[in-house]
*Asks:* 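The structure follows.
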Number of protein chains: 4
Amino acid sequence: MTRRVDEAAAHAAFERALGGAREAFGDFFLSRFLGLEITQTAEACIVSFEVADFLYNPQGTLHGGIMATALDIAMGHRLHHLLGAGTTLESKFQYTGAIRAGRVTCRGEMLRQGRSICFLRAEARDQAGELLAFATSTWKLLAKA
Amino acid sequence: MTRRVDEAAAHAAFERALGGAREAFGDFFLSRFLGLEITQTAEACIVSFEVADFLYNPQGTLHGGIMATALDIAMGHRLHHLLGAGTTLESKFQYTGAIRAGRVTCRGEMLRQGRSICFLRAEARDQAGELLAFATSTWKLLAKA
Amino acid sequence: MTRRVDEAAAHAAFERALGGAREAFGDFFLSRFLGLEITQTAEACIVSFEVADFLYNPQGTLHGGIMATALDIAMGHRLHHLLGAGTTLESKFQYTGAIRAGRVTCRGEMLRQGRSICFLRAEARDQAGELLAFATSTWKLLAKA
Amino acid sequence: MTRRVDEAAAHAAFERALGGAREAFGDFFLSRFLGLEITQTAEACIVSFEVADFLYNPQGTLHGGIMATALDIAMGHRLHHLLGAGTTLESKFQYTGAIRAGRVTCRGEMLRQGRSICFLRAEARDQAGELLAFATSTWKLLAKA
């Protein structure tokens, strides 16, 4: 396959990533490189981004690992927002649709909050509201310093 | 946190990614950006890479989504090597250890091969052989053109 | 541990199971033995049952495998109701609470319906509405005869 | 479907279950009803049982929930044998083959042991050694009294 990525878009993403002044929740190299916009509502953490071809798998659609990364960030940032930092014990991703272009919106929510263990879920949809992926995960809260 | 990423390492990864001439199994933008070395043995697809700080989560260890991406690539490339391209229906990742530096080696294997559905598994280990992550996944083979 | 199960309750369940005249969706030996009431609404398959001590794990709460069985039945019966019989490729269960007595209500819903692959989800709650378990699964539709 | 279960086999299983004198690891109502033989080797907990038609799904093969129960018991008993009792946070089951008759042998192993969190895996095979199911799970150790 002689397909090449859009170099200008890749360059812009890389410069955006390098240009950040910090590495923290809501704003870190990977989140900037992926172009993630991360916000919190009363019920969920919303993570949205524009699909770019440098994030494709070899079959020419958004790589599942990148989708998993965005969903993981939606869940991890929801946990951090509500309770503080945690570590992912496990996560499962179901891929219900492929996407080549347009905006993906992920929504991460608390499923069940325990004292040390929390369960979260997330979903990703395209601009038309079609479900692209569904995730569940289990986290262990880090002890506070 | 005022931590900044190693800009020289990030630049080198980005140039390596842009420098590639194709977008195909074994060699595509994301695989080059992550620095993945992808090979096949008789039993498994081996995917190895060096942990870099621009792949960290906000807590300063390799992001689980990047680990998931490498494990997914190990499984997807194993399937492609044995049977041709497929689409991931789902995957689950258990994170058994965190890593900040050094080389990660992933090993993707066929668990059970069906006519249209295949089950795969993968594990990631550090240089000392410690298990970092364990994955299982379910794939649907794409119909051949 | 010298705990013994409630023999009258176990006998009643066994007689109920044996007394059934058929082995079909909605009414089969295991569903009768577990005392499952299986109904369909516009959005979901509802499976409810009373926790009995002969369904306990060695630690004296409802066995996770029985909870998984009820959730699996809620999802499989939802799929059957909407589209016909399918085979489970995989399912994941998160256990968010333990239960010793009272009624469990499971709710199985379609997450995303494809031509040959369907994704479902289910949840189990106690009488107070507390989440006991959350499940997701992937199914392959059986070809119609 | 007018299929009926083998009543003699079901009766024998029920009497075996009722006849037990205790409810403990390795020997409890459900394990006796399913006819589980539970042993430990140096590396794994082995749980084996004979498939009976009263454990079928409505499609006439061993119910996935029963397979999940046996695999869960293999993992939970391995954990109990090595470290003491724990609670399942989550488990995932991949169903790679169906079975109607004969003996199923499950093998539960520790994947990674932590201070409070343990990861386990298990597989089920038929008498010919064919893989029927593969499971992974995450457990939280119960604090010792």
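Lettering of chains follows the sequences in order, A, B, ..., and the numbering in each one begins at 1. Note that the structure is predicted; figures quoted are calculated from it, not measured.
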*Asks:* Do C/Cys118 and C/Leu141 pass the side chain to side chain contact (heavy atoms under 4.5 Å, CB included) test, and can you show the C-alpha distance, the side-chain angles, and the key distance before you say yes or no?
*Replies:* CA-CA 7 Å; C/Cys118 290; C/Leu141 286 170; 4.2 Å; yes
*Asks:* Let's test your reading of the structure: which of C/Thr87, C/Leu30, C/Thr96 forms the most heavy-atom pairs below 4.5 Å with chain D?
*Replies:*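 The option with the most such pairs is C/Leu30.
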*Asks:* Are C/Glu123 and C/Arg121 ion-paired here, with the side-chain N under 4.0 Å from a carboxylate O?
*Replies:*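 Yes, C/Glu123 and C/Arg121 are salt-bridged.
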*Asks:* Kindly give the heavy-atom pair with the smallest separation between D/Ala135 and D/Phe93, and that separation in Å.
*Replies:*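 It is CB-CD2, 3.6 Å.
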*Asks:* Search all heavy atoms of C/Ala44 against all heavy atoms of C/Glu109 and return the closest pair with its distance.
*Replies:*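 Closest approach of C/Ala44 to C/Glu109, heavy atoms only: CB-CG, 3.7 Å.
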*Asks:* What part of C/Leu89 is in contact with chain D, defined as an atom under 4.5 angstrom from a non-hydrogen atom: side chain, backbone, both or neither?
*Replies:*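 Backbone only.
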*Asks:* Which heavy atom of C/His80 sits nearest to which heavy atom of C/Ala85, and what is that distance?
*Replies:*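 Smallest interatomic distance, heavy atoms only, reads CD2-N, 3.7 Å.
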*Asks:* With chain C, which of D/Phe33, D/Tyr95, D/Phe134 has the greatest number of heavy-atom pairs at distances under 4.5 Å?
*Replies:*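 Option with the greatest count: D/Tyr95.
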*Asks:* Could you have a look at C/Asp53, C/Thr136, C/Leu18, C/Thr138 and say which one has the most heavy-atom pairs with chain D under 4.5 angstrom?
*Replies:*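 Looking at each of C/Asp53, C/Thr136, C/Leu18, C/Thr138 in turn, C/Leu18 comes out on top.
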*Asks:* Report the option among D/Ala17, D/Gly64, D/Ala10, D/Ala68 that has the most heavy-atom pairs separated by less than 4.5 Å from atoms of chain C.
*Replies:*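 Most heavy-atom pairs under 4.5 Å with chain C: D/Ala10.
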*Asks:* Determine, for C/Glu90 against C/Lys140, whether the closest basic-nitrogen to carboxylate-oxygen distance falls under 4.0 angstrom.
*Replies:*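 Answer for the salt bridge query: no.
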*Asks:* Compute whether any side-chain donor of one residue and acceptor of the other, for C/Asp27 and C/Ser31, lie under 3.5 angstrom apart.
*Replies:*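 Not at all, the side chains of C/Asp27 and C/Ser31 share no donor-acceptor pair under 3.5 Å.
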*Asks:* Do D/Ser48 and D/Arg103 meet the criterion of a side-chain donor-acceptor pair at a distance under 3.5 Å?
*Replies:*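 Side-chain D/A pair, D/Ser48 to D/Arg103: present.
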*Asks:* How about residues 69-79 of chain D versus chain C: which residues have heavy atoms under 4.5 Å apart?
*Replies:*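 When heavy atoms of chain C are the reference, residues 69-79 of chain D contributes D/Thr69, D/Asp72, D/Ile73, D/His77 within the under-4.5 Å range.
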